[in-house]
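What follows is a single structure, written as structure tokens, with notes after it.
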Amino acid sequence: MDLEKHPAAPAPPPAAGLRASDADRDRIAQILGDAVAEGRLTAEEHSERLDALYAVKTVGELEALVRDLPAPGGAHAPSSAASSYAGAPGQAAETLVAVCSSSSRKGRWRPGAHTRAVSVMGDITIDLTQAVFEQQVTEINVTCVLGNVEVLVPENVTLRGYGSGILGNFEVRGMSRGETDPQAPVVIVRGFSLLGNIEARPKPGARLVDLARKLRKNLDG
């Protein structure tokens, strides 16, 4: 009888099969944003992993997307340019509601990582063309019933859309733009339209300049 002790095989993390939360996705998105800022991922690789980030369902699947990347604050800490662009964890979502009315968010404002928009026979405009982004990924969740919701973004951000409509319209245009700039913010629009219209698109001529200024300041400093 072999009495020699053999080390037991490591058990998989108990959380690997759990459903991923918004906080889990934000954490992985930050790691991906740091990686592309440091040159560890190309813009195309970042785009592919970001698409997968919002398609997978479990924590284990999320972790697989960053298995070959350093964790924030580890031996290979993110650069100052990437760290200044991480955003505040646990930030409360802003909510816009229009019921037989109109609502808008525009001008110089700081969108959080999550914004909710609910339109019931109303009109909502979310204009990000002059916004100051404090995180790599900004997600907008839209519910539209017999209404209209429009999301406008600068031409040089990366725009993504995931949604559907029943006797309505869900349309995200210009999704290929922004991928040539690895530092560009990413705006993700998720939505469901019932007898309504949800549209997200870049605004011609509007470009985000704060990011370029921030990066130039970090390099000069």
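Linking Ile, Leu, Val, Met, Phe, Trp and Tyr residues whenever their side-chain heavy atoms come within less than 4.5 Å leaves Leu146 and Val120 in two separate clusters. Both Leu53 and Val66 sit in one connected hydrophobic cluster of ILVMFWY residues. Membership requires side-chain heavy atoms under 4.5 Å apart, directly or through other members. Criterion: ILVMFWY side-chain heavy atoms under 4.5 Å apart, direct or through other members. Under it, Val157 and Val172 are part of a common hydrophobic cluster. Under a hydrophobic-cluster definition in which Ile, Leu, Val, Met, Phe, Trp and Tyr are linked whenever side-chain heavy atoms come within less than 4.5 Å, directly or via other members, Tyr162 and Ile28 are assigned to the same cluster. Under the 4.5 Å side-chain heavy-atom criterion for ILVMFWY residues, a single connected hydrophobic cluster contains both Leu96 and Val149.
The shortest distance between side-chain heavy atoms of Val187 and Phe133 falls below 4.5 Å. Here the side chains of Arg49 and Leu69 are in contact, with some heavy-atom distance below 4.5 Å. Put simply, the side chain of Thr115 does not reach to within 4.5 Å of the side chain of Asn141, judged on heavy atoms. Put simply, the side chain of Thr58 does not reach to within 4.5 Å of the side chain of Leu18, judged on heavy atoms. Lys203 is not listed as a side-chain neighbour of Glu155, based on a closest heavy-atom distance of 4.5 Å or more. Contact of the Phe192 side chain with the Ile198 side chain is not registered, since no non-hydrogen atoms from C-beta on lie closer than 4.5 Å. The closest side-chain heavy-atom distance from Pro202 to Leu159 is below 4.5 Å.
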Please step through side-chain contact (heavy atoms from CB on, under 4.5 Å) for the pair Ile126 and Leu152, ending with a clear verdict.
CA-CA 6 Å; Ile126 301 175; Leu152 300 173; over 6 Å; no
Determine whether Arg105 and Glu94 satisfy the following criterion, side-chain contact (heavy atoms from CB on, under 4.5 Å), listing intermediate values before the conclusion.
CA-CA 10 Å; Arg105 199 70 164 90; Glu94 180 175 357; 2.7 Å; yes
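Closest non-hydrogen pair, Gly147 versus Ser119, comes out as CA-OG, 3.7 Å. Counting all heavy atoms, side chain and backbone alike, Arg40 lies closest to Glu45 at O-OE1, 4.3 Å. Closest approach of Asp68 to Leu65, counting heavy atoms only: OD1-O, 4.2 Å. Here the shortest heavy-atom pairing between Gly168 and Ser193 reads CA-OG, 3.9 Å. Between Thr138 and Pro111, the shortest heavy-atom contact is CG2-CB, 4.4 Å.
For the atom pair CD of Gln130 and CZ of Arg108, the computed distance is 7.0 Å after rounding to the nearest 0.5 Å. Distance check, rounded to the nearest 0.5 Å: OG1 of Thr143 to CZ of Arg116 gives 10.0 Å. Rounded to the nearest 0.5 angstrom, Trp109 CH2 and Leu128 CG are separated by 5.0 Å. The OG atom of Ser104 sits 9.5 Å away from atom CD1 of Ile124, with the distance rounded to the nearest 0.5 Å. Atom CG of residue Leu62 and atom OG of residue Ser21 lie 8.5 Å apart, to the nearest 0.5 angstrom.
Within the structure, every pair that satisfies the salt bridge (charged side-chain N to carboxylate O under 4.0 Å, His left out) test and touches residues 137-148, not counting sequence neighbours, is listed here: Glu139-Arg190.
A side-chain donor-acceptor contact under 3.5 Å links Asp127 and Thr129.
Remark: Glu61 engages no residue in a salt bridge (charged side-chain N to carboxylate O under 4.0 Å, His left out) (not counting sequence neighbours). Scored by the salt bridge (charged side-chain N to carboxylate O under 4.0 Å, His left out) test, Arg25 finds no partners at all (sequence neighbours excluded).
More than 12 non-hydrogen atoms from other residues, nucleotides or ligands lie less than 6.0 angstrom from CG of Leu195.
Contact check on Glu150 versus Arg201 returns a salt bridge, with a Lys/Arg side-chain nitrogen under 4.0 Å from an Asp/Glu carboxylate oxygen.
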